[in-house]
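Here the structure is laid out as structure tokens; the discussion comes afterwards.
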Amino acid sequence: MTEEEFDAFYATAFPRLTGQLYAFTGDHGEAQDVVQEAFVRAWDRRREFLADGAPEAWIRTVAMRLAVSRWRRARRWLELVRRNPPPEHTPGPGPERAQLVAALRKLPEVQRMAVVLHHLCDLSVEQVASETGAPVGTVKARLSRGRAALARELAAGDGEREDDRVR
């Protein structure tokens, strides 16, 4: 089958096959997807189609098998979700984490980036330097200044909370 013959075959067979697969799947979008995928697979075999004598049957079979495979995959996923449901309630961050994030926000961006990459992402100083494009010495200075500023912010936050408890 030449490219032109395949194009003509596609134009006439696609709507018919989509209707048939729609009846099989019950989902028009799914039917279009599997028929389209079957035609994509048929494109590589278009020269053999005349010898087979039943190109539409081949595409219909492939499309139906694709639909069944997708249905099985969806069913397995659903079984997994039912077996392992997501937690009912995910607790939010604790007060310490909220305080840390608030303190990190007060740092200059370059210091915050260095502290987060090094301490929270567990990157070495050299890796932080590589990722940020800064020299190693600059990263060390940013880490030192960032930790000092972070310690001041966290200490100030503890003092405010203690004052609130006394009142």
*Looking at Trp43 and Glu3, what are the two nearest heavy atoms and their distance?*
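Shortest heavy-atom separation between Trp43 and Glu3 comes out as CH2-CG, 3.6 Å.
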_Nearest heavy-atom neighbours spanning Ala67 and Leu21_ =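 Between these two residues, the closest heavy atoms are CB-CD1, 4.4 Å.
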_Trp71 reachable from Tyr22 in the ILVMFWY side-chain graph, under 4.5 Å edges_ =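 Unlinked, Tyr22 and Trp71 end up in two clusters.
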*Are Phe14 and Leu66 co-members of a hydrophobic cluster defined by side-chain heavy atoms under 4.5 Å apart?*
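Same cluster: Leu66 reaches Phe14 through Ile, Leu, Val, Met, Phe, Trp or Tyr contacts under 4.5 Å.
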*Using a cut-off of 6.0 Å, state whether more than 12 heavy atoms not belonging to Arg145 lie near its atom CZ.*
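Incorrect, the count does not exceed 12.
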*Answer yes or no: are there more than 12 heavy-atom neighbours, outside Arg75 itself, under 6.0 Å from its atom CZ?*
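Above 12, so yes.
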*Which residue pairs pass the side chain to side chain donor-acceptor pair (under 3.5 Å) test with at least one member in residues 101-116, sequence neighbours excluded?*
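Those involving residues 101-116 are Lys106-Glu153.
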With rounding to the nearest 0.5 Å, note down the distance linking [atom1] in [X] to [atom2] in [Y].
X	Y	atom1	atom2	answer
Arg60	Arg16	CZ	CZ	8.5 Å
Asp27	Asp33	CG	CG	8.0 Å
Leu104	Leu154	CG	CG	8.0 Å
Met64	Ser69	CE	OG	12.5 Å
Thr61	Glu56	OG1	CD	10.5 Å
Gln36	Leu17	CD	CG	11.5 Å

*Please assess Arg41 against Trp58 for the test side-chain contact (heavy atoms from CB on, under 4.5 Å), listing each intermediate value before the final yes or no.*
CA-CA 10 Å; Arg41 292 181 182 192; Trp58 187 90; 4.3 Å; yes
_Holding to side-chain hydrogen bond (donor to acceptor under 3.5 Å, both in side chains), I want the full list of residues that pass it with Arg70, two or more places apart in sequence or in another chain._
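For Arg70 the side-chain hydrogen bond (donor to acceptor under 3.5 Å, both in side chains) partners, ignoring immediate neighbours, are Glu30.
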*For Tyr10 and Glu5, does a side-chain donor sit closer than 3.5 Å to a side-chain acceptor?*
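Per modelled atom types, Tyr10 and Glu5 side chains form no pair under 3.5 Å.
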*Taking the inter-plane angle between the rings of Phe9 and Phe39 on a 0 to 90° scale, is it parallel (under 30°), tilted (30 to 60°) or perpendicular (over 60°)?*
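Phe9 and Phe39: tilted rings.
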*Given side chains that start at C-beta, do those of Arg76 and Arg73 come closer than 4.5 Å, heavy atoms only?*
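Heavy-atom side-chain distance check passes, below 4.5 Å.
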With a cut-off of 3.5 Å and sequence neighbours excluded, list every side-chain donor-acceptor pair involving residues 120-144.
| residue | atom | partner | partner atom | Å |
| --- | --- | --- | --- | --- |
| Ser124 | OG | Gln127 | N | 3.1 |
| Ser124 | OG | Gln127 | OE1 | 3.4 |
| Gln127 | OE1 | Ser124 | N | 2.7 |
| Thr132 | OG1 | Val128 | O | 2.8 |

